[in-house]
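Below is one structure, written out as structure tokens, with a few remarks after it.
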2 protein chains.
Amino acid sequence: MNLRPDRGELETDAALRALAEPRRRAILRLVARDELAAGQIAAAFEVTRTAVSQHLTVLKNAGLLTERREGTRRLYRARPEGLTGLSQFLAEMWASSLDVARRLVEAERGISDADPTAQAG
Amino acid sequence: MNLRPDRGELETDAALRALAEPRRRAILRLVARDELAAGQIAAAFEVTRTAVSQHLTVLKNAGLLTERREGTRRLYRARPEGLTGLSQFLAEMWASSLDVARRLVEAERGISDADPTAQAG
DNA sequence: CCTGAGGGTTAGAAGTTACTAACGTTAGTC
DNA sequence: GACTAACGTTAGTAACTTCTAACCCTCAGG
């Protein structure tokens with residue numbers, strides 16, 4: 001089996017790679033509460049504006065951020081739609097895992113009941 | 001402001017870093033449906049067992065996997081609890097972002113009503 | 001035109017990650 | 001004990017990420 005990413009996979013992959021960085025999560029938390037200018041965001045951390053700008057680019061490309069220009073400033077804001085793919089991925093993982101747990105329990109019950117037809121359908 | 005990770009942050013960070021790898025997500029999907037041996041998992045990909053074993057270690061350390069030994073084999077299964085922290089993070093991000101959107105709408109309404117005191121929060 | 005403020009982009013150093021190959025370990029079989 | 005099967009671990013390498021420093025772009029005012 002190969003890695004054959006469908007459209008949703010690519011979107012989820014970008015979101016996960018972007019969120020895997022602590023600094024980017026911190027940035028996202030900032031602009032989740034308020035729309036902020038790039039300079040304000042950079043001032044909130046002890047790194048250069050360059051680094052913050054690169055993080056903003058990554059977040060923007062992952063669809064987790066929207067950019068709005070106002071004069072010479074750029075204002076950023078979190079984009080909740082960018083999290084939907086990841087949310088679905090989590091929900092699917094959760095459901096599958098719980099299903100496994102349920103089947104394991106029923107399998108044990110089946111063993112003690114000596115009833116091989118007892119399976120979750 | 002510094003990056004000051006609380007307990008949940010560390011847990012979420014480990015889960016996100018683990019999930020940011022396409023191969024690890026593929027592995028997790030495999031063991032989300034069925035409990036599989038390390039060899040079976042490795043056979044599903046075109047990489048060496050070594051690489052898969054390292055991925056399994058990362059997933060295990062992130063709390064996304066449980067390991068069970070049966071004779072000379074090791075059986076792996078997804079651990080849904082490991083996703084709770086990440087799920088909460090997503091929910092909080094979502095709520096904050098939607099709150100921002102709501103405030104922006106109300107701010108615009110405040111502008112058209114010529115009522116500068118109209119602010120949420 | 002020029003200047004200054006606000007920001008993005010490029011080049012390269014330093015650190016991290018994902019991989020392969022070789023070796024070590026544990027459980028069962030003869 | 002000797003042998004095999006099934007895995008994990010270590011060493012080393014290639015690729016990627018994150019960061020800083022220097023440079024370039026765009027908008028507003030004079």
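Chain A is the first sequence line, chain B the second, and so forth, proteins listed ahead of strands; every chain is numbered from 1.
At the heavy-atom level, B/A51 lies under 4.0 Å from base atoms of the strands shown. Base contact: B/Q54 has a heavy atom under 4.0 Å from a base atom. Within the 4.0 angstrom heavy-atom criterion, base atoms lie near A/R49. Residue contacts shown for A/A37 are limited to sugar-phosphate atoms, with no base heavy atom under 4.0 Å away.
A heavy-atom distance below 4.0 Å to DNA chain D is reached by these residues of residues 55-71 of chain A, ordered by number: A/H55, A/G71.
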Tell me which donor-acceptor pairs under 3.5 Å the side chains of residues 79-89 of chain A have, and how far apart each pair is, sequence neighbours excluded?
unit_1	atom_1	unit_2	atom_2	d
A/R79	NH1	A/G63	O	2.7
A/R79	NH2	A/E81	OE1	2.9
A/T84	OG1	A/E81	O	2.8

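For A/R25, the salt bridge (charged side-chain N to carboxylate O under 4.0 Å, His left out) partners at least two apart in sequence or on another chain are B/E9, B/D13. For A/A51, the side chain to side chain contact (heavy atoms under 4.5 Å, CB included) partners at least two apart in sequence or on another chain are A/V47, A/T48. With sequence neighbours left out, the side chain to side chain contact (heavy atoms under 4.5 Å, CB included) criterion links B/A37 to B/Q40, B/R73, B/L75. Remark: B/V58 engages B/A18, B/R24 in a side chain to side chain contact (heavy atoms under 4.5 Å, CB included) (not counting sequence neighbours). Taking A/R49 as the reference, nothing meets the salt bridge (charged side-chain N to carboxylate O under 4.0 Å, His left out) condition, with sequence neighbours excluded.
Overall, the helix from C/dC1-D/dG30 to C/dC30-D/dG1 carries an axis bend of 10° between its ends, with five pairs at each end and the value rounded to 10°.
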Evaluate the criterion side chain to side chain contact (heavy atoms under 4.5 Å, CB included) for residue pair A/L19 and A/L28; output intermediate values, then yes/no. CA-CA 9 Å; A/L19 291 173; A/L28 210 56; 3.6 Å; yes

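Judged as a salt bridge (charged side-chain N to carboxylate O under 4.0 Å, His left out), not a single pair has a partner in residues 89-98 of chain A (not counting sequence neighbours).
Side-chain contact check for A/L59 versus A/V31: every heavy-atom pair is 4.5 Å or farther apart. Counting heavy atoms from C-beta outward, B/F45 and B/I27 have side chains that approach closer than 4.5 Å.
Between A/T50 and A/R24, the residue anchored nearer the 5' end of DNA chain D, judged by the nucleotide with its closest heavy atom, is A/R24.
Where DNA chain C meets chain A (any atom under 4.0 Å from a heavy atom), the bounding nucleotides read 5' to 3' are C/dA5 to C/dA11.
Between the CE atom in A/M93 and the CG atom in A/L90 there is a gap of 8.5 Å [rounded to 0.5 Å].
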